[in-house]
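See structure below.
Every number for a ligand or one of its atoms is a count from 1 in the order of the listing.
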Amino acid sequence: MKEYIEKAEHIVILTHMAPDGDAMGSALALWHYCKGQRDKVQSTKEVTVIVPNAFPAFLGWMPGAKEVKVYEQESAACDKLIAEADLFLCTDFNEPKRIGPVGEKLLASKAPKILIDHHIDPLLTSPEGEQIWAEVHSHPEASSACEIVYKLITGVNLEIATCIYTGLMTDTGNFSFNSTNAELYDIIASLLRAGVKKDEIYNAVFNQFSTDRMRLTGYALYRKMRIYPEYHLALITLSADELDQYHYKTGDCEGIVNMPLQIADVYYSVFMREERAKPGTPKPRIRISFRSQGDRPVNVWAGEVFHGGGHANASGGEVLGSMGYAVKLFEQSYGKYLKI
Ligand code: 5GP
Ligand code: MN
């Protein structure tokens, strides 16, 4: 990877739709790393992070976030960068589909592509049967893509350390899951020695609710949560109209899906959010998040019924159609996929 980065003149770093702390952290850590390599040899290397759609405001403070290009908002400029790129660094996703419309552009490019990811079963060949990646750093056992980036690079400065800490923290729910490996805490110790202000990062990410977001969370829990006791299952749905009432912004629903797991007998939680039909797409889209505890995988359910997938305890998917239709699919299928 180091050699690829040294040789490239136009590097594009890509990460998944609805970027979270790990997506932004791993992409920006690589961005700072590549710029550092460039400045060492005073080259003219161009390095850009492109995300498919907007990242939440609570990640806007991250070092370099203001330089990130959002494909949905600047498609023409991004298409040009992608067409000119002579190296792609792809982080925190396992198949081009997860970067939306950018995926096709990525596959169309002949430039070498490097994958850095912690999701299971990365897609290695294109629909045409060609190898997609020049290098694959796939570690499903890693807490986060940021952990893999940390292990791949040297010369971690404060900016890189801050980006990496953010991804470790958000992908483990502030070290409450996927974080039992002692080595992770060695990494954290070295990030703290690099000067990371961990309490400030926690505050910047988790304590930034708008009043509307807090009230939306309250509404979702109080009025919209259904419990299916025999399956230890909770479902929360929010329609586009309901989101409008609370002036929904990207990221405002982040974390809602985890909350029902705080109930003693709830081990599965599902959250559905409606996106209105856009011009050209006749049906609304229901984005769905799945969470579970312990040995109760949800990724097969998400994959087989909701066109998605993910980790055993944290998956996602979607339905093209009404909320009523999505709930019907859910109610028809949970009995088949969940343990009593
Ligand atoms: P979230 O609920 O935070 O959107 O997604 C949780 C996890 O599920 C993500 O980290 C990702 O691994 C996976 N995931 C979410 N949406 C999709 C999807 O549409 N397809 C696949 N394959 N995985 C998804
Ligand atoms: Mn991740």
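Residue-to-ligand polar distances keep F290 apart from ligand 1: every N/O pair is separated by 3.5 Å or more. Between S289 and ligand 1, an N or O atom pair is found at a separation short of 3.5 Å.
Residues M24 and L115 do not share a hydrophobic cluster, clusters being chains of Ile/Leu/Val/Met/Phe/Trp/Tyr side chains in contact below 4.5 Å.
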Could you go through the ring-ring contact (aromatic ring centres under 6.0 Å, His included) check for F330 and Y228 one step at a time? CA-CA 12 Å; F330 165 94; Y228 302 78; 5.4 Å; yes
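Taking 4.0 Å as the cut-off, E95 counts as a neighbour of ligand 1 on heavy-atom distance. In this structure, H119 is part of the shell of residues with a heavy atom less than 4.0 angstrom from ligand 1. Proximity of H16 to ligand 1 is not established, as no heavy-atom distance is less than 4.0 Å.
The Mn ion (ligand 2) has no N, O or S atom of D117 closer than 2.8 Å. The Mn ion (ligand 2) has no N, O or S atom of H119 under 2.8 Å away, backbone or side chain. Not a single N, O or S atom of D20, from either the backbone or the side chain, sits less than 2.8 Å from the Mn ion (ligand 2).
S315 O, 4.0 Å is the protein heavy atom nearest to atom 5 (O) of ligand 1. For atom 23 (N) of ligand 1, the closest non-hydrogen atom of the protein is G309 O, 3.0 Å. In terms of protein heavy-atom proximity, atom 20 (N) of ligand 1 is closest to G308 CA, 3.4 Å.
With a 6.0 Å cutoff to the six-membered ring centre and a 45° limit on the axis angle, R223 does not count as a cation-pi contact of Y219. Judged by the 6.0 Å distance and 45° axis criteria, R296 is positioned over the aromatic ring of Y267.
Side-chain N/O atoms of N178 and H118 include no donor and acceptor closer than 3.5 Å. A donor atom on one side chain and an acceptor atom on the other are found under 3.5 Å apart for E147 and S143. A donor atom on one side chain and an acceptor atom on the other are not found under 3.5 Å apart for S26 and D92.
At a 4.0 Å heavy-atom cut-off, ligand 1 does not touch K97 at all.
Checking R287, R273, R291 against atom 19 (O) of ligand 1, the nearest heavy atom belongs to R287.
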